[in-house]
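What follows is a single structure, written as structure tokens, with notes after it.
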Protein chains: 2
Amino acid sequence: MQKHISFDEIARMEQLYRSTFVNSLSGFKSICLIGTKSKSGKSNLAIFNSLIHIGANPPYIGFVSRPNSEERHTVSNILDTGYYTINHIHQDIYEKAHQTSARYNADESEFKETGLKEEYLNNFYAPFVNESKIKLGVKFKEAIPIKVNNTTLIIGEITDVFFPNNCFCDDGFLDIEKAGTITGSGLDSYHTTRRLNRLSYAKPLKLTESIPLNYIQNLSNE
Amino acid sequence: MQKHISFDEIARMEQLYRSTFVNSLSGFKSICLIGTKSKSGKSNLAIFNSLIHIGANPPYIGFVSRPNSEERHTVSNILDTGYYTINHIHQDIYEKAHQTSARYNADESEFKETGLKEEYLNNFYAPFVNESKIKLGVKFKEAIPIKVNNTTLIIGEITDVFFPNNCFCDDGFLDIEKAGTITGSGLDSYHTTRRLNRLSYAKPLKLTESIPLNYIQNLSNE
């Protein structure tokens, strides 16, 4: 049996109920921890569920920021300093990652409060999450206002990528499932994944094929 | 062991290799089929991996469109007619969904070519995917240019939601995993999910708790 809910019914929902419902509709979300440091040197860490691929060349990544107090520190640090980190979340840290969304006082760092470890790599200004397996250093590029609801699309350029050696395939594919990256749904649901397949580039009148995962052995570090 | 790849190394990658790599970095993606119909009545169906929640009140959803020929029909139909559908993808249809990305001639409908069934619900102008379990009717709201790489964020208002009766919880949460919605990574990898937990609203100095899934029994239809 199929249920139908209309725009008017959504409009009449109680606020938290509506937020829970509508946040379920956009499918599985990319969740991450964004690390920043203020000009005065105070670190900040916040979970986001709106990460989005913007482009590969140059490598651009985006996220949507809502005008609320928890996320404001992240965005003001990004605008002030120009740098931030994006850290994938895995099964062992998702509860601590979720906990970063609590309304801590401005003089408390979420690293200290949650026990996640601050890490500085490659002289990058913003802190990475030590426990995270896939970490991106990102340089702020543009803040695009989304006027219809006063949110902002923050776009940055990926300057550094750190990942486990054994997850890299010979065609450039990074196996984030092998690295343990998890996904989210709604506002508060966390999920591991299991690969069905990689499918070859689709062509008319031709059945798509599986792409084998050829992990690069003995990957050298620079 | 941890591997580091820099911006300069990304810039030197061969184009498809780079696209495969950078598309892996943004985590698990929300994948969906977007259904449209031209003013002359020709239907179109295309897979997108950039769906994003924009807001709950009003209910806004977005996706990023790249300036290539396959996606152009979707966007031009949206701009011409004002309406489109967003259809979740599950395990039984993901190969057909992937196949919609082939470069079919302009006079061929991807519904016909892939065998997915066109469905019209509630007098909505654009076609839904019959096989899909969670389906959204969406009214175009705004096209926001992302100037750094000539892409566009398309934002629409959710006017209709269709979903299976047994997936709806009493706090507004829609269990998309129970409905079979899958997720994607990179350009071509498809994954089922398994829930770790739903976590309660985070508060300072308080451990977060599990939220039980209380499915609504005997949900009435309107």
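Quick note: numbers below take in every heavy atom, side chains included, and nothing from hydrogens, waters or symmetry partners. First the proteins, then the strands, lettered A, B, ... as listed; each starts at 1.
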Check your understanding: For A:Ile86, is it the side chain, the backbone, both, or neither that has a heavy atom closer than 4.5 Å to a heavy atom of chain B?
Key -> neither
Revision key, fill the gap. Looking only at B:Ile10, B:Ile54, B:Thr151, B:Ile61, most heavy-atom pairs under 4.5 Å shared with chain A are made by B:Ile54
Check your understanding: Is any side-chain heavy atom of A:Phe28 less than 4.5 Å from a side-chain heavy atom of B:Ser30?
Key -> no
**Study point:** Engaged part of B:Glu113 at the chain A interface, taking heavy atoms whose separation is under 4.5 Å
**Key:** side chain
Exercise for review: Tell me, out of B:Ile31, B:Leu187, B:Leu136, who's got the most heavy-atom pairs with chain A below 4.5 Å.
Suggested key: B:Leu136
Practice item. Would you check if B:Ile211 and B:Phe173 make a side-chain contact, meaning some heavy-atom pair closer than 4.5 Å? Key: no
**Study point:** chain A contacts, top residue of B:Met13, B:Glu177, B:Lys29 (heavy-atom pairs, under 4.5 Å)
**Key:** B:Glu177
Check your understanding: Who among A:Gln91, A:Gln15, A:Arg18 has the most heavy-atom pairs with chain B under 4.5 Å?
Key -> A:Arg18
Review point. Highest number of heavy-atom pairs under 4.5 Å with chain B: which of A:Thr181, A:Leu51, A:Thr183, A:Ile52?
Key: A:Ile52
Check your understanding: Could you give all pairs that pass the salt bridge (Lys or Arg N to Asp or Glu O under 4.0 Å) test and reach residues 155-174 of chain A, with sequence neighbours left out?
Key -> A:Asp171-A:Arg198
Practice item. Go through the structure and list residues passing side-chain hydrogen bond (donor to acceptor under 3.5 Å, both in side chains) with A:Ser185, not counting sequence neighbours. Key: A:His191
Point to revise | Contact class of A:Leu25 relative to chain B, heavy atoms under 4.5 angstrom | key: both
Check your understanding: Between A:Glu95 and chain B, which part of the residue has a heavy atom less than 4.5 Å away: side chain, backbone, both or neither?
Key -> both
Practice item. Examine whether an atom of A:Thr114 lies under 4.5 Å from a heavy atom of chain B, and if so say whether it belongs to the side chain, the backbone or both; otherwise answer neither. Key: neither
Practice item. Side chain from CB out, backbone as N, CA, C, O: work out which of these in A:Leu153 comes under 4.5 Å of a heavy atom of chain B, or both, or neither. Key: side chain
Practice item. Pick whichever of A:Thr208, A:Leu174, A:Ile176 has the most heavy-atom pairs under 4.5 Å with chain B. Key: A:Ile176
Review point. If we only count heavy atoms from C-beta on, is the B:Leu213 to B:Arg195 side-chain gap below 4.5 Å?
Key: yes
Review point. Which atoms of A:Ile182 come close to chain B, meaning under 4.5 Å heavy atom to heavy atom: side chain ones, backbone ones, both, or neither?
Key: both
Review point. Can you tell if the side chain of B:Asn122 reaches within under 4.5 Å of the side chain of B:Phe128, non-hydrogen atoms only?
Key: no
Point to revise | Contact residues of residues 139-149 of chain B (partner chain A; heavy-atom separation under 4.5 angstrom) | key: B:Lys141, B:Glu142, B:Ile144, B:Pro145, B:Ile146, B:Lys147, B:Val148, B:Asn149
Review point. Do you know which of A:Ala56, A:Gly184, A:Pro58, A:Ser200 has the most heavy-atom pairs with chain B at a distance under 4.5 angstrom?
Key: A:Ala56
Point to revise | For chain B, the option from A:His88, A:Glu14, A:Lys133 that forms the most heavy-atom pairs under 4.5 Å | key: A:His88
Review point. About how many Å separate CZ of A:Phe63 and SG of A:Cys32, when rounded to the nearest 0.5 Å?
Key: 8.0 Å
Check your understanding: With respect to chain A, which residue among B:Thr20, B:Leu199, B:Val22 yields the maximal number of heavy-atom pairs within a distance under 4.5 Å?
Key -> B:Leu199
Exercise for review: Select, from B:Ile89, B:Thr159, B:Thr192, B:Leu16, the one with the greatest count of heavy-atom pairs under 4.5 Å involving chain A.
Suggested key: B:Thr192
Point to revise | Any residue meeting ring-ring contact (aromatic ring centres under 6.0 Å, His included) with B:His98, in chain and number order, not counting sequence neighbours | key: B:Tyr190
Point to revise | NZ or CZ of B:Lys135 within 45° of B:Phe124 ring axis and under 6.0 Å | key: no
